[in-house]
Amino acid sequence: MARDAAAISKNMSKIRSKDTTIELRLRKALWHSGYRYRKNYKALPGSPDIVLTKYKIAVFCDSEFFHGKDWEILKPRLEKGSNPDYWVKKIERNRSRDCENDKKLLFLGYTVIHFWGKDILRHTDECLRVIEETIWDIRLADCPEINLK
């Protein structure tokens, strides 16, 4: 089913980079669990969607399409679609930029967590649990007098 350029343009204009549904869902869960955070923190590489500065955790809420989930499957589909050169190049650049930003954040001592949008929407509690376990690991690492044997 071919869509006209006006319909595509209208659809693309609705896509936001901040305060997306997936970000709001995860932020709300964190807030209700008592965690405070910074959102879209520009002081860090990649402006992570959520940053728990107290624990040096950077969280990215990635959409499946724009960040290339299952890239081996998505790439051939894009190559058959309309404007394949643009989309393949764009998503490959997004993926490489994500990797570069992760390396920079790791160098700064941050723990980086990426969640796919559908995982956040379907399993918000599991995403929250991953963040809480990361906080627990960081707290244990900062407290050397506790020996777990």
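We number each residue from 1, following the sequence as shown.
- In plain terms, the two heavy atoms of C61 and I50 that are nearest each other are SG-CD1, 4.4 Å.
- Across all their heavy atoms, V88 and E79 have their closest contact at CG2-CG, 4.0 Å.
- Legend: residues meeting ring-ring contact (aromatic ring centres under 6.0 Å, His included) with F65, ordered by chain and number and at least two apart, are W87.
- The shortest non-hydrogen separation linking G68 to R95 is O-NH1, 2.8 Å.
- Partners of N94 under the side-chain hydrogen bond (donor to acceptor under 3.5 Å, both in side chains) rule, at least two apart in sequence or in another chain, are R97.
- In this view, F107 satisfies the side chain to side chain contact (heavy atoms under 4.5 Å, CB included) rule with no residue, not counting sequence neighbours.
- A heavy-atom distance below 4.5 Å is not found between the side chains of V59 and C127.
- In terms of the side chain to side chain contact (heavy atoms under 4.5 Å, CB included) criterion, residue partners of K42 (sequence neighbours excluded) are, by chain and number, K18, S47.
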Please list, one pair per line, the donor and acceptor atoms closer than 3.5 Å that link side chains of residues 110-123 to other protein atoms, with sequence neighbours excluded.
| from | atom 1 | to | atom 2 | distance (Å) |
| --- | --- | --- | --- | --- |
| H114 | ND1 | D62 | OD2 | 2.7 |
| H114 | NE2 | D102 | OD1 | 2.9 |
| H114 | NE2 | D102 | OD2 | 3.0 |

**Q.** Worked check of side-chain contact (heavy atoms from CB on, under 4.5 Å) between L30 and L128
**A.** CA-CA 7 Å; L30 283 166; L128 182 62; 3.5 Å; yes
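- Residues T134 and L52 fail the side-chain proximity criterion, which asks for heavy atoms closer than 4.5 Å.
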Q | D49/N40 under side-chain contact (heavy atoms from CB on, under 4.5 Å): CA gap, chis, key distance, verdict | A | CA-CA 4 Å; D49 300 314; N40 307 108; 3.8 Å; yes
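- With R36 contributing its side chain and W31 its backbone, the two residues share a donor-acceptor pair below 3.5 Å.
- Listed by chain and residue number, K75 satisfy the salt bridge (Lys or Arg N to Asp or Glu O under 4.0 Å) test with E92 (two or more places apart in sequence, or in another chain).
- Considering only residues two or more places apart in sequence or on other chains, Y55 meets the side-chain hydrogen bond (donor to acceptor under 3.5 Å, both in side chains) condition with R139.
- Within the 4.5 Å cutoff, no side-chain heavy atoms of K39 are placed close to those of E23.
- Side-chain heavy-atom separations under 4.5 angstrom define the hydrophobic clusters, and I73 shares its cluster with no other residue.
- L78 and P84 make their closest contact through O-CB, 3.3 Å (heavy atoms, listed as atom of the first residue, atom of the second, distance).
- With sequence neighbours left out, the side chain to side chain contact (heavy atoms under 4.5 Å, CB included) criterion links K28 to H32.
- Side-chain contact between T53 and Y41: present, with at least one pair of heavy atoms (C-beta onward) separated by less than 4.5 Å.
- With rounding to the nearest 0.5 Å, the separation of CH2 in W71 from CD in E64 is 14.0 Å.
- Here the closest non-hydrogen pair linking L105 and P48 is CD1-CG, 4.3 Å.
- Residues forming a side-chain hydrogen bond (donor to acceptor under 3.5 Å, both in side chains) with D98 (at least two apart in sequence, or on another chain): H67.
- Here the CG atom belonging to L106 is positioned 11.0 Å from the CG atom belonging to N101, to the nearest 0.5 angstrom.
- Evaluation of the side chain to side chain contact (heavy atoms under 4.5 Å, CB included) rule for D85 yields no partner, not counting sequence neighbours.
- In terms of heavy atoms, I135 sits closest to Y35 at CD1-CE2, 3.4 Å.
- In this structure, the side-chain hydrogen bond (donor to acceptor under 3.5 Å, both in side chains) partners of R93, at least two apart in sequence or on a different chain, are S96, E100.
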